[in-house]
Protein chains: 2
Amino acid sequence: MGTEGATVTDQVTTGTDVTRMRELNALSIVRALRGNPPSTVTELATRTGLSRPGTDVIVQGLVADGWLTVVEPDGSSVVGRPARRYRFNAGAGHVIGVDVGAHKVLAMLADLDGTVTWTTRLPVDPGADPAARLTVVDAAVEECLASAGLRPDDIWGITVGVTGPVDASGRTTLFTPLPGWASVNPAEHLAARFSCPVQVENDCKLAALAERWQGAARDADDIVYVLAGMRTGAGLIIDGTLRRGHGGAAGEIGALRAVRWLTAPSHLEKCASLPAGVDTDDAAAWVFAAARAGDKAARTAVRRYTRDLAVGTAALVLTLDPQVVVLGGGFSRSADLILGQLARELGRTCLRVPEIRASTLGAESVALGALRLALNEVDARLFGTGLPAPVAPRA
Amino acid sequence: MGTEGATVTDQVTTGTDVTRMRELNALSIVRALRGNPPSTVTELATRTGLSRPGTDVIVQGLVADGWLTVVEPDGSSVVGRPARRYRFNAGAGHVIGVDVGAHKVLAMLADLDGTVTWTTRLPVDPGADPAARLTVVDAAVEECLASAGLRPDDIWGITVGVTGPVDASGRTTLFTPLPGWASVNPAEHLAARFSCPVQVENDCKLAALAERWQGAARDADDIVYVLAGMRTGAGLIIDGTLRRGHGGAAGEIGALRAVRWLTAPSHLEKCASLPAGVDTDDAAAWVFAAARAGDKAARTAVRRYTRDLAVGTAALVLTLDPQVVVLGGGFSRSADLILGQLARELGRTCLRVPEIRASTLGAESVALGALRLALNEVDARLFGTGLPAPVAPRA
DNA sequence: AGGCTTTTGTCAAGCGTGCAGCATTATTCG
DNA sequence: CGAATAATGCTGCACGCTTGACAAAAGCCT
């Protein structure tokens, strides 16, 4: 406490107590077990660099707290005494990821290992007002809880994916295609029922996370994800971390008029050979199919679309110099028609051409990314502040 | 050691020994002292959260190792026994930052606090071959050493700033305006004389670092730095860290033809009212002066230049959504003529308009940034792996 | 079947570290 | 010169990790 003298940088609080050291060691053991098959104490000891007896003590404590579960030795034919194996108790907590779209709400439940244990998809009227849409979100989330017999307090994190840039408060005030949604604060809404942290994030950004987690860019740390569909958007991962920008509007290069992302899909909708009966939602799919079959006008439409898509992508690539560009979104099903030309255009305009890959995740990528973001938050809380609390750490 | 079985993620090595804990505490005390005025043990104890006796023991050790120096109490009029103060011994090590330009080599020497203790500026013939240029670099560095009577081993880090994207090996193979420089590896050259780490980095990126360190963007974590001069370039700081991109080519948006950064300065050179006698190097300065005096043609030239500058800046801003855009480079001396229009253009094209500020650093910004990068590297080595080695930690 | 090898599980002793508390010292104020 | 004040220095205590040793549980060999 500075009395009245020049108070400098008070309260750095990095001093490590000997009891804090034990927490850190416990965490490093948990970390050494996450995502790995069940391991023996000896393995954990070598992995963490701790001694075997020391590791054993900590492991016992973690088992008592419910973080680890014991796997009794099965008849594996090794020479010495068969070792007990310990497994991270992924069921100690769960996270929920929600994708709020115009036509549907998709909710997923996963355990702490990220294993998806339930998926709910409910339809929504595109014109539904915010209250109605939130009711559907609630219903989807509720179904996730019911599927595993969980109570709200068993959920450690929730992430909601929406379209449009998300500001710090979790709202999409700058722009949203959902009617009336600009005034909605989904985090606040869910906080009434859940005590865990609720994050709201842009759908492109979440899809980018998903591609790095389980999709086409698992090996990369610098990723530009381009969502190609009836809307065009981007999500950026730099140095392995999702980047939001200072106001949450990173990746919105499509707002630049010279980048014709807003009008790019119209090339497909206005294709000359498009029959009259095709619905506007199915137009793109029809054009891609026709182009694949050799239809001249359709091929031209796809070429024009890709050219426009490439301009914005080039701007992103030149700005960030990523390792990988991932093409996602609805049109990525037709990546075979797009990727070649996209690569050529980038090769023409960019200094260093990154790898270009098609998304390997389907329509669930946004919800998956939402799960990943929620898990990231849980990890940060666990490993950052470090609270190996007994059994069930709440918010 | 995995024998032949499924070797998973070996060697995580995060286990904290009790002796390692002491290292960490020593480091946190050093950190609590860096950049602060000399402090008493009691102050350090409260700042780090450690106990006073414990702090005292560590401080004694740090003094013995040469990291801290004692400041005997002067006659400050407080009640009670006057406290010894301890100061971080910034002179324990030094770093060197070099700015290799077309016309000059600028080298700076700084201590561990970043206080610049010597600056050398040597002229170079723009057409000099790589060997000649490297000789000048050596001379400049040598002068830094001589100024403080230092030996090469007293230097803990060196950073060299060059124009053009720098790859992982430290070379500028993609592009460089210096004749023959593409084949040069400055890091390797300096490694012959210095055992410390030598980094090579792009000049725009270093200038960006400098602006965040001591310049116009000290408070920001997300910065787009635009170097405006006869060459146009950019440096990006995201979440407080300089971003290089996967191949070191981040920020090279100027390579996009639609972004007219390459030709933007020609608007100034081709100004109609420019007298015949003015040298090409001084043309821009003349035009800015004329514009400020009210010359119609000059004002038009500046307006056209700024319009072109704004296109690329808008692409960077929309991609990254930074908090601040810093206008640097030689033309930032005329920021009064540029900033207003630049802000208007960004306001027209961008979703969320960042603050726009003029650089407060002069021609030394690149060398300053080089110092900062070298200091960052030293810090990372110290605080990361943690080696409070005795007196003088070498590479 | 019995001994040998190998690896695990467990215990005891030792050590380094940080913390709390008390005595000591140096300085100002009355 | 004595009282008050605050920093310094010292001792005992608690905690957790490590080393080393030994018993237990399996497979392999004779």
Side-chain angles (χ1 to χ4, degrees), chain A residues 1-5 13-29 32 38-64 68 70-86 386 388, chain B residues 1-5 13-29 32 38-64 68 70-86 386 388:
Chain A
M1 259 74 84
T3 52
E4 92 291 343
T13 321
T14 12
T16 310
D17 194 348
V18 67
T19 172
R20 166 93 182 122
M21 178 176 72
R22 181 151 195 275
E23 284 182 16
L24 290 173
N25 281 341
L27 285 175
S28 81
I29 285 181
S39 312
T40 69
V41 170
T42 319
E43 287 169 5
L44 289 175
T46 56
R47 239 180 273 165
T48 55
L50 296 171
S51 73
R52 201 160 48 82
T55 307
D56 193 74
V57 173
I58 295 176
V59 165
Q60 300 305 334
L62 289 171
V63 169
L68 270 45
V70 187
V71 183
E72 286 302 332
D74 56 344
S76 63
S77 62
V78 284
V79 180
R81 171 175 176 170
R84 266 200 286 272
R85 304 190 96 83
Y86 296 88
Chain B
M1 258 70 88
T3 52
E4 89 292 344
T13 320
T14 13
T16 310
D17 194 350
V18 67
T19 171
R20 166 93 183 121
M21 176 176 72
R22 184 155 189 278
E23 284 183 15
L24 291 173
N25 280 342
L27 285 175
S28 82
I29 286 181
S39 313
T40 69
V41 172
T42 320
E43 286 168 6
L44 288 173
T46 56
R47 239 180 275 167
T48 56
L50 296 170
S51 74
R52 202 167 43 77
T55 306
D56 192 74
V57 174
I58 295 177
V59 165
Q60 300 305 334
L62 288 171
V63 169
L68 269 46
V70 187
V71 182
E72 286 302 334
D74 56 344
S76 62
S77 63
V78 282
V79 187
R81 173 174 178 170
R84 266 199 287 272
R85 304 190 95 85
Y86 296 89

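As a basis for the values below, the full set of heavy atoms in this structure was taken, side chains included, without hydrogen atoms, waters or symmetry mates. None of the values given here were measured: they were computed from a predicted structure. Reminder, nothing fancy here: chain letters follow the sequence lines and each chain counts from 1.
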Taking all heavy atoms of Arg47(A) and all of Ser39(A), pick out the closest pair and write down the distance.
-> NH2-OG, 3.0 Å
Look up atom CD1 in Ile29(B) and atom CG in Leu50(B), then write down how far apart they are to the nearest 0.5 Å.
-> 5.5 Å
Pair of N/O donor and acceptor under 3.5 Å linking dT25(C) base with Arg81(B) side chain = yes
Between Val71(B) and Pro38(B), which heavy-atom pair has the shortest distance, and what is it?
-> CG2-CB, 4.3 Å
When you check the phosphate oxygens OP1 and OP2 of dG9(D), does a side-chain N or O of Arg84(B) lie under 4.0 Å from one of them?
-> yes
For Leu24(B) and dG16(C), give me the distance from atom CG to atom P, rounded to whole Å.
-> 18 Å
For nucleotides 13-15 of chain C, give me every protein contact, N/O to N/O, under 3.5 Å, one pair per line with atom names.
none

Measure from CZ on Arg52(A) to P on dT18(D) and round the result to the nearest Å.
-> 12 Å
Sugar-phosphate only, base, or nothing, as touched by Thr40(B) at under 4.0 Å among non-hydrogen atoms = nothing
Ile58(B) side chain near Leu62(B) side chain, heavy-atom distance below 4.5 Å = yes
Nearest whole angstrom, please: distance from the P of dT8(C) to the CD of Glu43(A).
-> 8 Å
Interface polar pairs with nucleotides 13-17 of chain D, N/O, under 3.5 angstrom:
residue : atom : partner  : partner atom : Å
dC17(D) : OP1  : Asn25(A) : ND2          : 3.3

Just how far, in rounded Å, is P of dT11(D) from CG of Asp56(B)?
-> 14 Å
So does Arg85(A) get a side-chain nitrogen or oxygen closer than 4.0 Å to the phosphate oxygens (OP1/OP2) of dG9(C)?
-> no
So, Glu72(B) and Arg85(B), do they make that salt bridge, N to O below 4.0 Å?
-> no
Would you mind telling me which of dT8(D), dT27(C), dC10(D) lies closest to the side-chain atoms of Pro53(B)?
-> dC10(D)
On a heavy-atom basis, the closest approach of Val70(B) and Arg84(B) is CG1-CD, 3.4 Å
Any Gln60(B) side-chain heavy atom under 4.5 Å of Asp56(B) side chain = yes
Out of Asn25(A), Val41(A), Thr46(A), Thr42(A), which one pairs with Thr55(A) under the side-chain contact (heavy atoms from CB on, under 4.5 Å) rule?
-> Val41(A)
Between CG of Asp17(B) and CE of Met21(A), what distance do you get to the nearest 0.5 Å?
-> 7.0 Å
